Amino acid sequence: MEPPVPLPQEPPPRPRSHTVTTTSSSFTANLSASSSTLAYDREFLRTLPGLLMVTEIVLGLLVWTLIAGTEYFLYPAFGWVMFVAVFYWVLTVFFLIIYMTMTYTRIPQVPWTTVGLCFNGSAFVLYLIAAIVDASSVTKELDSHNYNSWAASSFFAFVVTSCYAGNTYFSFISWRSRTLQ
């Protein structure tokens, strides 16, 4: 008979240290240091892109409220116009806040000139399609008491489209100057 094999014993617990070490990444340090003050750029609203953006917000709001006050849900074409108008209205308000608070300076990882070009270019194209759909869907036979609202929304949709075209041009100029540097 063989002698029994002793079971391995656990080592005695070590006394715990009361020292806590913390580290922070440079990203969080930079983020906390740069977000302590909120910048506000009043001069942005005095530039042509800023004025166009405010015009897009005001007239875009007018486009979707003129349609929303009718029975647009009975006609799918006006649902598309509502989607484009509300979607780009919300995003334009979002970008206005980003530009007014100079958030783009705090997040340098985002290529803001490319984002602005893509946003304004897509807004121009989709708003142009929506304005054409809106204008081609307005007839007196459809529903006579909604005719004036739909006709006015069509007019303002084309005006907003031209504003997005202008901002697309300015975004392209800004993007092109960044890529040539």
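On a predicted model such as this, the values are computed, not experimentally measured, just so you know. Side chains included, hydrogens not; waters and symmetry mates left out as well; all remaining heavy atoms used.
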Q | Listed partners of Val58 passing side-chain contact (heavy atoms from CB on, under 4.5 Å), at least two apart | A |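 In terms of side-chain contact (heavy atoms from CB on, under 4.5 Å), with neighbours along the sequence ignored, Val58 is linked to Val54.
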
Q. Excluding sequence neighbours, so at least two apart, what forms side-chain contact (heavy atoms from CB on, under 4.5 Å) with Ser174?
A.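 Applying side-chain contact (heavy atoms from CB on, under 4.5 Å) to Ser174 gives Thr113.
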
Q) For the side chain of Trp89 and the backbone of Gly60, is there at least one donor-acceptor N/O pair under 3.5 Å apart? A)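 Absent.
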
Q: Would you confirm whether Ser137, through its side chain, and Ala77, through its main-chain N or O, come within 3.5 Å as a donor-acceptor pair?
A: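 No; zero donor-acceptor contacts below 3.5 Å.
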
Do you know the tightest heavy-atom contact between [X] and [Y]?
| X | Y | value |
| --- | --- | --- |
| Val81 | Ala130 | CG2-O, 3.4 Å |
| Ala135 | Phe158 | CB-CE1, 3.8 Å |
| Gly116 | Ser171 | O-OG, 3.6 Å |
| Phe44 | Met100 | CD2-SD, 4.0 Å |
| Ser122 | Phe119 | OG-O, 3.0 Å |
| Thr161 | Ala157 | OG1-O, 2.7 Å |

Q.
Distance alone, cut at 3.5 Å: any donor-acceptor contact between the side chains of Thr139 and Tyr147?
A.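 Distance-only check fails for Thr139 and Tyr147.
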
Close side-chain approach of [X] to [Y], heavy-atom, < 4.5 Å:
| X | Y | result |
| --- | --- | --- |
| Leu62 | Val160 | no |
| Thr92 | Tyr164 | yes |
| Arg176 | Ile173 | no |
| Asn120 | Phe124 | no |
| Val115 | Tyr104 | no |
| Ile107 | Val110 | yes |

Q) Which pairs, with at least one residue in residues 48-66 and sequence neighbours excluded, count as a side chain to side chain donor-acceptor pair (under 3.5 Å)? A)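 For residues 48-66, and leaving out neighbouring residues, the side chain to side chain donor-acceptor pair (under 3.5 Å) pairs sorted by first residue read Glu56-Asn167.
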
Q: Would you confirm whether the ring centroid of Phe78 sits within less than 6.0 angstrom of the ring centroid of Phe73?
A: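 They do not qualify: ring centres at least 6.0 Å apart.
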
(Q) Are Trp175 and Phe170 an aromatic pair, judged by ring center distance below 6.0 Å? (A)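 Judged by ring-centre distance (under 6.0 Å), Phe170 and Trp175 do not meet the cut-off.
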
So, taking the atom named [atom1] in [X] and the one named [atom2] in [Y], what distance separates them when rounded to the nearest 0.5 Å?
| X | Y | atom1 | atom2 | answer |
| --- | --- | --- | --- | --- |
| Ile98 | Thr105 | CD1 | OG1 | 11.0 Å |
| Leu66 | Leu59 | CG | CG | 10.5 Å |
| Ile57 | Leu91 | CD1 | CG | 11.0 Å |
| Leu48 | Met53 | CG | CE | 11.5 Å |
| Thr101 | Leu96 | OG1 | CG | 9.0 Å |

Q: Please answer: with hydrophobic residues joined when any side-chain heavy atoms are less than 4.5 Å apart, are Tyr127 and Leu51 in the same cluster?
A: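 No, Tyr127 does not connect to Leu51 through the hydrophobic network.
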
Q: Let me know which of Asp134, Asn148, Asn146, Thr70 forms a side chain to side chain donor-acceptor pair (under 3.5 Å) with Ser153.
A: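 Only match with Ser153 under side chain to side chain donor-acceptor pair (under 3.5 Å): Asp134.
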
Q) So with a 6.0 Å cut-off around OH of Tyr169, is the heavy-atom count from everything else above 12? A)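 Atom OH in Tyr169 is not packed in, count stays at 12 or less.
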
